[in-house]
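Below, chain A is the first sequence line, B the second, and so on; all start at residue 1. Just so you know, these numbers come straight off a predicted model, no measurement behind them.
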Protein chains: 2
Amino acid sequence: MAISEAEAVVMDVLWREAPRTAEEILAEVGPAQGWQEGTVKSLLNRLLRKKAVHAERDGRRYLYTPLLAREQYVSQESKGLLDRLFGGRVAPLVAHFSEQRKLSKKDIAELRKLLKELDDEQH
Amino acid sequence: MAISEAEAVVMDVLWREAPRTAEEILAEVGPAQGWQEGTVKSLLNRLLRKKAVHAERDGRRYLYTPLLAREQYVSQESKGLLDRLFGGRVAPLVAHFSEQRKLSKKDIAELRKLLKELDDEQH
DNA sequence: CGTTATCATTTACGCGTGTAAACATCATTT
DNA sequence: AAATGATGTTTACACGCGTAAATGATAACG
């Protein structure tokens, strides 16, 4: 089963650094999200059930570690959007942002560099 | 309120051509999706409530027209993903697909052209 | 006109989600 | 040992979603 948006917020904490205790996760995410302790615990349990994180006992508490890799999650999500909205092709997506004037100078510079590199490794 | 994935399938039909009757929508989407008539009707009603489509009576039936523009929907969805996963920047997204070897030759060619055009209009 | 066919609207139902309150467990402090 | 505090687990509940059955309204037909 897919991992939800609220769950992904918790995963994000673990992707930045792991293992972590529930308390640490709450500290990092509670204020910004306006979540109580119970909320974070629930999300962690759902993530456990979904095998997206692993919990290892450490005295009276647990240390949580991500099992699902961020790269994997990002890939799924990105491919989903690309397929649904852009026929599975990257160029139209970029064209969309370009038309929307959402390409920063930095973006453009980085894209140039990226294409250049692809060129080079071409032989 | 956001429009769901099943609702987006219906919108897609209307974005391709509108106005359309419920029957036409069902014909176009039912087989592929495995949906019954009632399902499509429900989705249309939810879209009406969300003001994403407009219905105009035509004799005994209704003609449905999109109110939400595809461009708008695509923008919201794309920006959402970009913000959640790539810090709101396009280049990292493209880099991700590049690393994943998901850039086709065609994509690369189109991206080149796009950058060239941006260059030109920069004058 | 009453019946049937054709649409649309309402209601339903199980499931996941967001959000927590309640409850259970166990170590620590009186 | 009983009370307290710290953690984790279970249960709850409203709401949206996917999916459709049930019901309502109305035009067409006999």
May I ask you to evaluate whether B/Trp35 reaches the phosphate of D/dA20, defined as a side-chain N or O under 4.0 Å from OP1 or OP2?
no
Which heavy atom in B/Ser98 sits nearest to a heavy atom in B/Leu103, and how many Å separate them?
CB-CD1, 3.6 Å
If each end axis of the helix from C/dC1-D/dG30 to C/dT30-D/dA1 is fitted on five C1' pair positions, the angle between them, to 10 degrees, is 40°
A/Gln33 CD to C/dT19 P: how many Å, rounded?
8 Å
So that I can tick it off, tell me whether B/Arg101 and A/Glu121 are bridged by a salt bridge, with the cut-off set at under 4.0 angstrom between side-chain N and carboxylate O.
yes
With a 3.5 Å distance limit and no angle check, can you tell me whether B/Trp15 reaches the backbone of B/Leu68 through a side-chain donor-acceptor pair?
yes
Within the structure provided, determine whether A/Thr39 and A/Leu43 are in side-chain contact (heavy-atom separation under 4.5 Å).
yes
What does A/Thr39 touch in the nucleic acid at a heavy-atom separation under 4.0 angstrom: a base, only the sugar-phosphate, or nothing?
base
Hydrophobic cluster identity match, B/Leu82 and A/Ile108, side-chain contacts under 4.5 Å:
yes
So CD of B/Gln76 and CD of B/Glu71: to nearest 0.5 Å the spacing works out to 11.0 Å
Base versus backbone protein contacts along nucleotides 8-13 of chain D [heavy-atom cut-off under 4.0 Å; B, S, -]:
BBB-B-
Integer-rounded Å distance: D/dT7 P and A/Glu24 CD:
11 Å
Could you verify whether a donor N or O on one side chain and an acceptor N or O on the other, from A/Asn45 and A/Ser42, lie under 3.5 Å apart?
no
With the threshold set at 4.0 Å, does a side-chain nitrogen-carboxylate oxygen contact exist between B/Glu7 and B/Arg46?
no
What is the distance from CD of B/Glu5 to C1' of C/dG16, rounded to the nearest Å?
14 Å
Whole-Å distance separating the NE2 atom of B/His54 from the P atom of C/dA8
14 Å
Gap between atoms CG and P, on A/Leu43 and C/dG18 respectively (whole Å):
7 Å
To the nearest angstrom, how far is B/Leu44 atom CG from D/dC17 atom P?
15 Å
Write down the distance between NZ (A/Lys50) and P (C/dC15), rounded to a whole number of angstrom.
15 Å
Taking B/Glu77 for the side chain and B/Val74 for the main chain, is one N or O donor matched with an acceptor at less than 3.5 Å?
no
